[in-house]
Amino acid sequence: MTVLALDIGATKLAAGRVSLDGAVHQIRTTAVPASSVWGACRQLLLDVAADEQVECLGIGSAGPIDTMAGATAPPNISEWRTGFPVVAAAQKLFPNAAIRFAMDGVCLALAEQCFGAARGISDALAMTVSSGIGGGLLVGGSVAFGRTGNAGHVGHILVPGFDDPCTCGGHGCVEAIASGHSAVRWARDQGWTGNTGVELAEGARTGDPIATAALHRAGTALGHAISSATATLDVGLVVIGGGFAQAGPPLWDPLRAAVARHARLSFQSDLRVVHSQLGVRATLVGAGVLTIAS
């Protein structure tokens with residue numbers, strides 16, 4: 001059985017076919033446009049479907065979402081900030097398809113549980129660290145959805161010592177400090193002349209002092225958030241995916257140092273923080289798993 005999957009990120013859209021073994025085929029991607037975001041999603045899905053009958057579609061979206069309404073409202077997608085009924089739009093496109101919808105962090109958690117770093121683990125936190133920051137939660141071997149589908153959405157944990165404004169309207173959220181967009185914005189405010197998280201990571205690797213400081217700041221904030229989240233959730237594993245998480249030691253070294261400094265409770269002594277094993281395809285895989293498992 002192969003299902004169609006859609007990944008709605010803050011800056012990138014992706015669609016593909018997911019098979020029972022977790023493989024993803026015929027992946028199509030595009031940047032999130034300034035307008036007509038659903039039009040871009042629709043075209044990706046039609047390209048992948050290739051006029052075949054679609055029986056199952058899984059959708060993973062950056063949060064926050066509302067599973068009861070089938071709507072998503074990512075702060076970084078301005079056109080959808082007040083909410084877009086993505087499930088209804090997809091059902092109109094594929095009237096006979098069974099459609100399942102979840103936050104991208106939930107999809108990451110499902111994918112890592114089935115095929116990646118969380119195999120055999122009952123309790124874990126998955127984090128997406130990309131243009132934004134999200135998460136998903138495994139509890140007792142099952143994914144947690146919460147009241148509205150946003151359980152594990154850790155991007156808005158407050159980080160002590162920071163007061164950066166967040167797109168959610170608050171201040172000091174880890175997303176406002178440690179996402180790719182936020183780190184780039186901070187670096188540019190300090191005089192750095194690059195434009196992307198990839199450039200920022202490369203600058204840090206080659207010794208640029210501003211890029212290095214931006215990643216150190218982001219990694220430290222992530223470590224603080226992970227320490228708080230794992231103290232609250234009592235999980236022993238954190239799996240981190242997303243494009244900005246690929247920034248390497250300039251991000252991960254301060255992250256691990258902050259966890260070592262702050263995750264000091266006895267039940268955190270065996271805490272592991274690891275990379276996603278599925279990389280950029282994780283949300284698509286998880287969206288497929290969501291559909292297959294339903």
Under a single-linkage definition using a 4.5 Å side-chain heavy-atom cutoff for Ile, Leu, Val, Met, Phe, Trp and Tyr, are [X] and [Y] assigned to the same hydrophobic cluster?
{"X": "F101", "Y": "L108", "value": "no"}
{"X": "L20", "Y": "L110", "value": "yes"}
{"X": "L255", "Y": "V184", "value": "yes"}
{"X": "I133", "Y": "V280", "value": "no"}
{"X": "L158", "Y": "I226", "value": "no"}

Donor-acceptor contact present, side-chain [X] to main-chain [Y], <3.5 Å:
{"X": "Q91", "Y": "A97", "value": "yes"}
{"X": "W252", "Y": "A245", "value": "yes"}
{"X": "D208", "Y": "A211", "value": "yes"}
{"X": "S61", "Y": "T72", "value": "no"}
{"X": "R281", "Y": "A23", "value": "no"}
{"X": "T128", "Y": "G134", "value": "yes"}
{"X": "S276", "Y": "L278", "value": "yes"}
{"X": "T291", "Y": "G58", "value": "yes"}
{"X": "S228", "Y": "A225", "value": "no"}
{"X": "R256", "Y": "V273", "value": "yes"}

For the residue pair [X] and [Y], confirm or rule out a side-chain donor-acceptor distance under 3.5 Å.
{"X": "Q268", "Y": "T230", "result": "yes"}
{"X": "E175", "Y": "S182", "result": "no"}
{"X": "N76", "Y": "R81", "result": "no"}
{"X": "Q277", "Y": "R119", "result": "yes"}
{"X": "S269", "Y": "S266", "result": "no"}

Pair N150-T67, side-chain contact (heavy atoms from CB on, under 4.5 Å): steps then yes or no: CA-CA 9 Å; N150 292 288; T67 50; over 6 Å; no
Taking the side chain as every heavy atom from C-beta outward, state whether [X] and [Y] have any atom pair closer than 4.5 Å.
{"X": "L200", "Y": "T196", "answer": "no"}
{"X": "I8", "Y": "I77", "answer": "yes"}
{"X": "M127", "Y": "V154", "answer": "yes"}
{"X": "L93", "Y": "L46", "answer": "yes"}
{"X": "L137", "Y": "L233", "answer": "yes"}
{"X": "R42", "Y": "L45", "answer": "no"}
{"X": "R17", "Y": "V24", "answer": "no"}
{"X": "I121", "Y": "L138", "answer": "no"}

Can you measure from [atom1] ([X]) to [atom2] ([Y]) and round to the nearest 0.5 angstrom?
{"X": "I65", "Y": "M103", "atom1": "CD1", "atom2": "CE", "answer": "6.0 Å"}
{"X": "L6", "Y": "R28", "atom1": "CG", "atom2": "CZ", "answer": "14.0 Å"}
{"X": "F162", "Y": "H171", "atom1": "CZ", "atom2": "NE2", "answer": "14.5 Å"}
{"X": "L125", "Y": "D234", "atom1": "CG", "atom2": "CG", "answer": "12.5 Å"}
{"X": "H224", "Y": "T220", "atom1": "NE2", "atom2": "OG1", "answer": "6.0 Å"}
{"X": "C41", "Y": "L13", "atom1": "SG", "atom2": "CG", "answer": "4.5 Å"}

Residue pair T283, V285: steps toward the side-chain contact (heavy atoms from CB on, under 4.5 Å) verdict: CA-CA 5 Å; T283 300; V285 172; over 6 Å; no
Chi angles and distances behind the side-chain contact (heavy atoms from CB on, under 4.5 Å) call for V106, F145: CA-CA 7 Å; V106 168; F145 290 94; 3.8 Å; yes
Provide the closest heavy-atom pair for [X] versus [Y] in the form atom of the first, atom of the second, distance.
{"X": "A117", "Y": "E112", "answer": "N-OE1, 2.7 Å"}
{"X": "A90", "Y": "I59", "answer": "CB-CD1, 3.9 Å"}
{"X": "A40", "Y": "T30", "answer": "CB-CG2, 4.3 Å"}
{"X": "A151", "Y": "G146", "answer": "CB-N, 3.6 Å"}
{"X": "R261", "Y": "R264", "answer": "O-CG, 3.4 Å"}
{"X": "W186", "Y": "I210", "answer": "CZ3-O, 4.0 Å"}

Presence of salt bridge, D66 and R147, under 4.0 angstrom: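 The answer is no: the pair does not qualify as a salt bridge.
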From CA spacing to verdict: side-chain contact (heavy atoms from CB on, under 4.5 Å), S130, S179: CA-CA 6 Å; S130 191; S179 71; over 6 Å; no
Whether over 12 other heavy atoms sit under 6.0 Å from R188 CZ: yes
